[in-house]
Amino acid sequence: MNAATLSGDAPVIIAHRGASGERPEHTLAAYQLAIEQGADFIEPDLVLTRDGVLVVRHENEISETTDVADKPEFADRKTVKMIDGERHEGWFTEDFTLTELKTLRAKERLPELREANSRYDGQFEIPTFEEILQLLNVHAAKSGKRVGVYPETKHPSYFNALGLSHDEPLFRLLEQYGYSGKDDPIFIQSFEVGNLQALAAKTDVRLVQLVAGEGGPPDRQDLTYASMLTSDGLTEIATYADGLGPPKDLVIGRNILGQLDQPTGLVEAAHRAGLLVHPWTFRAENYFLPTNFKSGIDPRDPGDLAGEVRTFVAAGVDGLFSDNPAQAVTALKP
């Protein structure tokens with residue numbers, strides 16, 4: 001495929017929390033399905049337990065994605081915390097040992113949109129990061145193909161303040177499972193700047209700076225994401241990272257009718273700085289799609305995700321995050 005990517009190679013498909021459009025997110029079942037569907041990378045979000053084990057959850061607050069609220073033995077663990085300047089109430093991974101977390105079961109985070117996924121509620125454990133790496137190793141041994149891993153360090157400054165660092169267990173596992181250089185199929189991503197700069201000093205694996213449409217990095221009150229996306233800001237990111245992970249609306253916005261507009265120029269600007277661009281998140285339900293790719297008015301119904309994906313590929317993205325890797329993979333086929 002002759003693509004308008006930074007390298008000229010076809011863009012990669014990153015299974016966002018696994019095949020989370022078809023299984024509850026961040027479960028071994030979701031990751032296994034994504035691997036079977038042809039994803040190039042699978043994406044686990046990493047948080048820590050009280051005993052310092054990396055586990056896979058979208059957030060360290062777990063009431064939306066597990067049955068912890070139904071467990072009377074953990075009722076007294078419910079609390080309120082300030083994380084990255086925001087108030088959160090619920091149950092938090094850092095207040096549980098791994099053994100305790102393993103007694104919980106995952107549930108669908110978006111049951112109103114993904115009712116079919118709810119039938120899997122209660123079936124799957126919270127996986128550790130090591131279990132994800134073991135899953136990838138098994139697949140590589142059987143197929144001869146090495147599917148990549150794309151972990152995100154969640155709230156690293158917050159966890160560091162608790163004496164729970166991502167770095168030691170992360171590097172130990174990456175070394176153990178053979179991820180050490182830029183040629184290995186791994187990206188590490190973070191919304192923080194200092195975390196990535198520290199990682200860049202310790203590892204040769206590829207790093208990706210996540211950005212949002214507003215606000216700024218939680219560890220840098222002097223920066224906004226908008227300033228980081230200027231020419232000078234992108235040049236600075238390129239001193240410690242290999243790629244940029246923006247929300248997809250920063251790559252192609254929407255007009256007043258909710259239809260995709262023209263590309264913003266972010267991809268070209270990032271490429272000039274030598275940065276890959278991996279936007280997020282591409283989802284099949286009408287609720288998430290631009291109006292010109294919806295299939296009707298029911299927000300739960302699938303629309304034309306493939307059409308949206310092809311539009312972004314034409315804009316030169318180097319990869320993209322999708323809850324529906326099967327459709328995203330299909331969209332790239334000639």
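Being a predicted model, the structure only gives us computed values, none of them experimental.
- At least one side-chain heavy atom of His166 sits under 4.5 Å from a side-chain heavy atom of Pro156.
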(message) salt bridge (Lys or Arg N to Asp or Glu O under 4.0 Å), that's the test. Do Arg105 and Asp121 meet it? Break it down for me.
(response) CA-CA 7 Å; Arg105 293 296 178 267; Asp121 287 358; over 6 Å; no
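- Pairs engaging residues 58-78 under the ring pair (Phe, Tyr, Trp, His ring centres under 6.0 Å) rule: Phe74-Phe96 [sequence neighbours left out].
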(message) One pair to check against side chain to side chain donor-acceptor pair (under 3.5 Å): Asn60 and Thr93. What are the steps and the verdict?
(response) CA-CA 5 Å; Asn60 53 323; Thr93 59; 5.2 Å; no
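- For the 3.5 Å distance criterion, the side chains of Asn292 and Gln259 fail to qualify, holding no donor opposite an acceptor.
- Checked against a 6.0 Å centroid threshold, the rings of Tyr150 and His278 count as neighbours.
- Between the side chains of Ser227 and Thr230, no donor-acceptor pair of N or O atoms lies under 3.5 Å.
- Using a cutoff of 4.0 Å between basic side-chain nitrogens and carboxylate oxygens, Asp183 and Arg206 are not scored as salt-bridged.
- When only modelled atom types and interatomic distance are considered, Thr97 and Asp51 share no side-chain donor-acceptor pair under 3.5 Å.
- No side-chain heavy atom of Thr27 sits under 4.5 Å from any side-chain heavy atom of Tyr31.
- In this structure the side chain of Glu43 reaches within 4.5 angstrom of the side chain of Glu152, judged on heavy atoms.
- Lys81 has a carboxylate O that lies under 4.0 Å from a charged side-chain N of Asp95, or vice versa, which qualifies the two as a salt bridge.
- With 3.5 Å as the limit, one finds no donor-acceptor pair spanning the side chains of Gln32 and His139.
- With hydrogens and angles ignored, the 3.5 Å screen pairs no side-chain donor or acceptor of Glu125 with any backbone N or O of Pro127.
- No hydrogens or angles considered: a donor-acceptor pair under 3.5 Å links the side chains of Glu61 and Ser63.
- The two atoms that bring Gln327 and Ala284 nearest to each other are NE2-CB, 4.2 Å, heavy atoms only.
- Within the 6.0 Å centre-distance limit, the rings of Phe187 and Phe41 are counted as a close aromatic pair.
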